[in-house]
Amino acid sequence: MIAGGPIFQLCWVVDDLAGARQEFATRYGIADWLTIPDVRFGPDSTELRGAPADYTISVALGYAGGQQVELIEPRRGVSLYSEHLDRVGPGLHHAAWVPDDFGAALAAARAAGIEIVARGRFDGVGMEFAYLDGGPIGSYIELLGLSEEMKAMFDQLIPEGFTNPWR
């Protein structure tokens, strides 16, 4: 097994972040969002299909009950997100798990012959990520390695009465 337990996050790639936030608020009741504009991923810390990647995205994080919803709007450069928009347009992009041992989960994915199509890290904030090819189930699976500081930040976002998978 690569990862188990509850799915931490579902992510939609969108071409209009403000419009998507409004759509989720009006139709699905996700009214509170943490929006982080123009997040740059540089070639020193990010790969796409094994090559250095350089792109910028804007991100919004909200919760539907205890389920985190992420919206990503590609802003510049080639990424899995811009490829998704080019290939199929806006839509559900990936599901993310936070395994207990990020490195062991990646090793299990490699041992299973699953392609790691993108990976990276946020230096200084304690977060690393890897996108696995979904293979026969389609889409991507994201594995997240989170520091205690990042988990605490996400714990502040989740609505009262719910907990993130690590609690």
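As the structure is a prediction and not an experimental result, all values here were calculated from the model.
Between Leu10 and Gln67, the shortest heavy-atom contact is N-NE2, 3.6 Å. Between Leu92 and Cys11, the shortest heavy-atom contact is CD1-O, 3.4 Å. Considering every non-hydrogen atom in both Leu144 and Pro99, the closest pair reads O-CD, 3.4 Å. When every heavy atom of Leu146 is checked against every heavy atom of Met127, the shortest pair comes out as CD2-CG, 3.7 Å. Minimum heavy-atom separation, Leu80 to Arg49: CD2-NH2, 3.9 Å. Contact record, Leu85 with Val14: CD1-O, 3.7 Å, taken as the closest heavy-atom pair.
Ring planes of His93 and His84: perpendicular class, angle over 60° (limits at 30 and 60°). Aromatic ring pairs are classed by plane angle as parallel below 30°, tilted from 30° to 60° and perpendicular above 60°; the pair His94 and Tyr81 is tilted. Note: Tyr140 and Tyr131 have perpendicular aromatic rings, judged against thresholds of 30 and 60 degrees for the angle between ring planes. Relative ring orientation between Phe129 and Phe122 is described as tilted, the plane-to-plane angle lying within the 30° to 60° band.
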Audit row: Ile114, Ile2, side-chain contact (heavy atoms from CB on, under 4.5 Å) steps and yes/no: CA-CA 10 Å; Ile114 297 172; Ile2 296 168; 3.3 Å; yes
Residue pair Tyr28, Val69: steps toward the side-chain contact (heavy atoms from CB on, under 4.5 Å) verdict: CA-CA 11 Å; Tyr28 306 106; Val69 174; over 6 Å; no
Check against side-chain contact (heavy atoms from CB on, under 4.5 Å), Leu48 and Val117: CA-CA 6 Å; Leu48 177 62; Val117 291; 5.5 Å; no
Residues Arg167, Ile158; criterion side-chain contact (heavy atoms from CB on, under 4.5 Å); working and verdict: CA-CA 12 Å; Arg167 299 287 177 223; Ile158 196 166; over 6 Å; no
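Crowding of Arg27 atom CZ: a count of heavy atoms from other residues, nucleotides or ligands under 6.0 Å not exceeding 12. Few gaps surround CG on Asp44; more than 12 heavy atoms of other groups in view lie less than 6.0 Å from it.
Side-chain heavy atoms closer than 4.5 Å link hydrophobic residues (I, L, V, M, F, W, Y) into clusters, and following such links, even through other members, never connects Leu157 to Phe24. Hydrophobic clustering places Met150 together with Val39 (ILVMFWY residues linked when any side-chain heavy atoms are closer than 4.5 Å, directly or through intermediates). Note on Leu71: it does not cluster hydrophobically with Tyr63, by side-chain heavy-atom contacts below 4.5 Å among ILVMFWY residues. Residue Leu143 is not grouped with residue Ile72 when hydrophobic side chains (ILVMFWY) are merged at heavy-atom distances under 4.5 angstrom, including chains of intermediate members. No single ILVMFWY cluster, assembled from side-chain heavy atoms under 4.5 Å apart, contains both Val88 and Ile141.
In this structure, Thr26 OG1 and Arg21 CZ are separated by 12.0 Å, a value rounded to the nearest 0.5 Å. Rounding to the nearest 0.5 Å places CG of Asp155 at 5.0 Å from CG of Asn164. One finds the CD atom of Gln68 at 14.0 Å from the CZ atom of Phe162 (value rounded to the nearest 0.5 Å). Distance OG/Ser139 to CG/Asp133: 10.0 Å, rounded to 0.5 Å. Atoms CG and CD, from Leu106 and Glu128 in turn, are 7.5 Å apart once rounded to the nearest 0.5 Å. Going from atom CG of Leu61 over to atom CD of Glu70 covers 5.5 Å, rounded to the nearest 0.5 Å.
By the 4.5 Å heavy-atom criterion applied to side chains, Met153 and Val125 are not counted as neighbours.
Formation of a donor-acceptor pair under 3.5 Å by the Trp97 side chain with backbone atoms of Gly5 is found in this model. Of the possible donor and acceptor atoms, none in the side chain of Ser58 sits under 3.5 Å from a partner among the backbone N and O of Thr35.
At a threshold of 4.0 Å, the pair Arg76-Asp38 does not count as salt-bridged, since none of the basic side-chain nitrogens sits closer than that to a carboxylate oxygen.
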